[in-house]
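These notes are about the structure you will find just below.
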Amino acid sequence: MSTHKNFKRSVLTKTISVLLGTAVAVPVLGQQAQEDDVEVIQVTGIRGSIQESMGIKRESAGVVDAISAEDIGKFPDTNLAESLQRITGISISRSNGEGSQVTARGFGPDFNMVTLNGRTMPGAALPGGGGTPNSRAFDFSNLASESIRGVDVYKTGRASIATGGIGASIDIRTARPLDNPGTKASVGVKALHDTTNRVGGDITPELSGIFSFTNDDATWGVSVTASHQQRDSSAAGAFVNQWRVNPFEGTVPQSPNDLDPDSPTFNGPAVVLNNAPANGQLFAIPSDLRYSIADRERTRTNAQVTFQFAPNDDITATLDYTYSKQDLFEARAEQSIWMDDRYFAELTFDDNTVKTPVIVRQERRDLAPRDLGLAVQELNQINENKSIGFNLEYAVNDSLTLEFDFHDSSAEGRPDAPYGTWTNFGMGANVVAAQGADFRGEFPVMTVDFDDEARGNLNPNGVLDQDDVGTSILDMNFSEQSTDIAQVRVNGTYEFEEGAINFGVESRSMESTSLQGLTRRTMGNWGVENPGELPAGFLTPFSFADHFDDFDTSGIFSQGFTGNVAQLGAFAAQEYGFDFVANDPFGTNRTIEEDIFAFFTEIALTGELNGMNYNVLAGIRYESTDSTSIANISLPEAVAWEGNNDFNVRFGNSKQDVTVDNDYDHVLPSIDFDIEVAEDMIVRASYSKTIARPTYNNLSAAASVSPPSGPTLITGEATATASSGNPALIPLESDNFDASFEYYFDETSYVSVGFYDKRVANFIGNEQVEESVYGLRDVTNGPRAEAAAAALADLGVPLSDTNLFNMVAAMENGVAFDALSDEGFEAAYDVLPNSTDPLLTFIVAKPVNNKSANIYGFELAAQHFFGETGFGVQANYTTVNGDVGFDNNADPSITQFALVGLSDTANLVLMYEKEGLQARLAYNWRDEFLDTATNYVNEPGYTEAYSQLDFNVSYEVNEDLTVFFEGINITEENSRRHGRTSAQLWNLEQLGARYALGARYVF
């Protein structure tokens, strides 16, 4: 049997090869050929994994961290993102308690480049709730960890690495058959139990398999990996949609308009304000409070096939195909109270600088009970990724190696039901005589004064049941994103006595299309006109309080209902005469195209300086980009007034095509220097310039509009909003500086300290202008609205959004103002604008490259195995600081630019490995951080500090069979987000632990 080698190399050559990164699978020239010449020592287990990762860190140029598989089919964590969070400077975002996207040194998922075997991977991430897909980010939850050989994180830029990663470039490496000649196979089976599960399977299966074969001469080989995983889970949550922040002017918005009890227009007592804000002090008012319960099903399928052919020592050809798919389903129920109109009775404020009413009380007074909001919702989504690639390596002679690489990869997120990606079947019960909320604790308490008698058309038994419930509005959201990348690279390495030169040329084409549309159908309307209409058994009653077992739920109104959206939607379609299909015109139909051409050169040198070995890797990359933004949009025809402060943007059949081109180029230098100042002590210094392109929504060529939040005649100012992209945006540019010290004092032990500094220009800020959009008119501010206001004054009726709508509708349709109830007017009439109405003024936000910022911090790490005891420890701490934060006390009418995602992180991992027994206990912590500056209008969102404890224990029964038990989030930590203060809850999600018992057999 022959050994597959291309040519012999000196120690200097091997050093240069590693310095260039080719031994650790970075996207550079001659990669496989050079890897084949580095001696591979097969080590397995925890100790072997961290030893390999430490070797990559030590021998690489610049700042590189890595994670390596512990054995065939065994990665340290069940999820790639969960493994990556163990690296200094890396933190993750979670979806349903599972790691999904990565933040590196404060830069979020859109600003990190993810590659698979050196190839740029597309992303297609659909937002929750049916929003518009905008992200470039790669979702790590699409990939199972069983087929992954390793992950390398490049925190410093290199000329040979494709652009896009200001935070980091992350390369996912899969195994290839000629890397490990012979016949190898592994089968894994796992039984997963998610403690949060309510209605799905208590135990769900996970299966994986790997097969790798080469012939005796290792001239050809094939490998196949596959995995199939199912997970059923649930999550209970609470959230608020809007916190409306304003300066205090003596009273609160939406309180009675006439506070004089002797006046004929008196409409109730003044609101009682306890611990009221001072005049001019900022205070917040919540729009609502909602509880939810979600039952989720996730099925993930992965597969990869790789063929390799090496007919001689100089040529290696590789053909591979990678596939991943996630099927996502969620059935969700919601209960809510909406705090609008003029019925605040009492507010008790806290002592924060921005005052929050921690106790809220609203009363209906002389009006009939209003609706308790109810909804059942459904997510039906498929995420699918495909990649086919071909690589050819040719060692021309002992000095020159050439490589050709091509791949065509796609990512798609799409609906999995005819009624869309996210469907909201709205319902309600008019049983709320008074309502309130208590925000004093971590969990918000919802209270309801229940009255099912006053209306006269409900089931008056003092209990919320299906006979009290009617339909309202059906929303069917369609979201889809597809991204394709075709990439061709020709690279080369020329070696000479003093070092090597790395060079290459690359062409990359990207096309991403995002579609989003809302199909809205009126059923029983906002007033819930037809209580008791649903067939018996369509709704199942349950108590929300039973599912918030981590919190004190004393006193909450917790009765809710679950139901089947498909069944309810089919009933409503027949009852109200519409198609249960998400088929309205797209509000967003956007395509972004980018054609990128690049060439680079690098030089690697090694030598001695005063007896100290040093390495230098210096390079320069030129990259030009031609971009095209294409928008094919359905033009909105009107903003319909459907009730008090309820508006809806209505679209017609007219479409408009908008195409805008842009181009830019960059010269990106980089240099890495390291020197061994003493035995096993390495000092590093690096500089690089990197770029990251804007998200797709910021590049859109068309504007999207949102309706006003109230009648302009009453608000006195513009409240309708619109957002417009800017195809002329250019990438963010970062000048990156790194310095570090590393001491490797044993074969699996080291300590390191590093400092990084990123100075970033061209951050995207917003410019706001007030202007009309698409010629839309304002039905609430024209002659009809003015005439209605005058008529109300003549009757002595207060001017409110409800009364104004009722009067406009009455005058428009020739009926008396008192002919119908408030709900009756909402149900009977919509008011549409006409040519006499003025143009509607929108607050239009447009992105511009007008911001700069500095992000910097320290990374501390240590790793050690304690002799032959079997015990080991890993620990690290990262600080992330920035010079632009969010000012919680600033004017809420101003959009702030602030750095998001900045937080300190820490990890502590205790390990044991001896005599076939392996155990790992891993703690991860991330401090509170700003996750958005525009959660609602100009209001911030903060994700609160989160920690998680995981464990894994395995035992090698024999050389082939291993059994294991693992737990994730075993302390069942929950996630929570808030606004300007912790009392301003945005959302709370109760999470739970996951446990798995499994076995792995290696052939």
Side-chain angles (χ1 to χ4, degrees), residues 242 244 246 249-259 263-268 285 287 338-344 367 526 636-650 705-722 770-826 828-844 893 937:
Q242 302 172 7
R244 300 159 178 165
N246 290 284
E249 296 177 352
T251 187
V252 299
Q254 302 171 336
S255 60
N257 295 296
D258 190 340
L259 305 181
S263 169
T265 59
F266 173 65
N267 63 343
I285 293 291
S287 65
W338 184 259
M339 297 178 236
D340 63 351
D341 290 326
R342 55 196 184 280
Y343 298 106
F344 283 111
L367 296 184
W526 298 108
E637 287 189 339
V639 177
W641 195 7
E642 298 180 346
N644 50 36
N645 55 12
D646 294 321
F647 298 86
N648 185 27
V649 179
R650 296 188 177 180
V705 297
S706 299
S709 60
T712 307
L713 194 67
I714 294 178
T715 63
E717 60 184 4
T719 60
T721 60
E770 293 191 4
E771 61 187 19
S772 61
V773 179
Y774 299 128
L776 295 172
R777 295 186 176 272
D778 187 355
V779 68
T780 71
N781 200 30
R784 291 177 293 169
E786 293 172 347
L792 289 172
D794 292 341
L795 292 175
V797 176
L799 181 64
S800 69
D801 48 12
T802 299
N803 292 337
L804 183 62
F805 171 79
N806 293 352
M807 182 60 79
V808 171
M811 297 174 66
E812 184 89 354
N813 294 280
V815 299
F817 174 69
D818 57 359
L820 297 171
S821 65
D822 294 345
E823 291 81 3
F825 273 108
E826 280 192 1
Y829 304 112
D830 293 338
V831 182
L832 297 173
N834 60 31
S835 59
T836 67
D837 293 319
L839 292 173
L840 178 60
T841 299
F842 288 85
I843 303 171
V844 183
S893 66
V937 190

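Residue numbers start at 1 and run along the sequence shown.
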Point to revise | Val639 side chain near Pro708 side chain, heavy-atom distance below 4.5 Å | key: yes
Point to revise | Steps toward side chain to side chain contact (heavy atoms under 4.5 Å, CB included) verdict (Met339, Arg244) | key: CA-CA 11 Å; Met339 297 178 236; Arg244 300 159 178 165; over 6 Å; no
Review point. Any side-chain donor-acceptor pair under 3.5 Å between Asp778 and Thr712?
Key: yes
Point to revise | Rounded distance [0.5 Å steps], OG1 in Thr841 versus CG in Leu776 | key: 11.5 Å
**Study point:** Nearest non-hydrogen partners of Val808 and Ala785, listed with the distance
**Key:** CG2-CA, 4.0 Å
Check your understanding: Closest heavy-atom contact between Ala722 and Val773?
Key -> CB-CG2, 4.3 Å
Check your understanding: Hey, does Pro707 have a side-chain heavy atom less than 4.5 Å from the side chain of Thr721?
Key -> no
Point to revise | Minimum-distance pair of heavy atoms, taken over all atoms of Pro636 and Val649 | key: CB-CG1, 3.7 Å
Review point. Considering all heavy atoms of both residues, which atom of Phe805 and which atom of Gly643 are nearest to each other, and what is their separation?
Key: CE1-N, 3.5 Å
Exercise for review: Heavy atoms only: give me the nearest Gln242-Trp338 pair and the separation to one decimal.
Suggested key: NE2-CH2, 4.5 Å
Check your understanding: Parallel under 30°, tilted from 30 to 60°, perpendicular over 60°: which one fits the rings of Trp641 and Phe647?
Key -> parallel
Practice item. Any chance you could measure Glu717, atom CD, to Ile843, atom CD1, to the nearest 0.5 Å? Key: 7.0 Å
Study note, to complete from the structure: Separation between CD1 (Ile714) and CG (Leu804), nearest 0.5 Å, reads 5.0 Å
If you look only at distance, which donor and acceptor atoms sit under 3.5 Å apart when one is on a side chain in residues 813-821 and the other is two or more places apart or in another chain?
{"from": "Asn813", "atom 1": "ND2", "to": "Ala809", "atom 2": "O", "distance (Å)": "2.8"}
{"from": "Ser821", "atom 1": "OG", "to": "Gly824", "atom 2": "N", "distance (Å)": "3.0"}

Review point. So with a 6.0 Å cut-off around CD of Glu249, is the heavy-atom count from everything else above 12?
Key: no
Point to revise | Glu771 side chain near Leu839 side chain, heavy-atom distance below 4.5 Å | key: no
Expected list for residues 787-799: side-chain donor-acceptor pairs under 3.5 angstrom, two or more places apart:
none

Review point. Where the side chain of Thr719 meets the backbone of Ser709, is there a donor-acceptor pair that is under 3.5 Å apart?
Key: yes
Review point. Would you say the side chain of Ile285 lies within less than 4.5 Å of the side chain of Phe344, judging by non-hydrogen atoms?
Key: yes
Study note, to complete from the structure: dist Asn803:CG -> Phe825:CZ (nearest 0.5 Å) comes out at 10.0 Å
Check your understanding: How long is the gap from OG1 on Thr780 to CG on Asn645, to the nearest 0.5 Å?
Key -> 11.5 Å
**Study point:** Pro838 versus Gly782, closest heavy-atom pair with distance
**Key:** CD-CA, 3.6 Å
Revision key, fill the gap. So salt bridge (Lys or Arg N to Asp or Glu O under 4.0 Å) across residues 805-817, not counting sequence neighbours, yields Arg784-Glu812
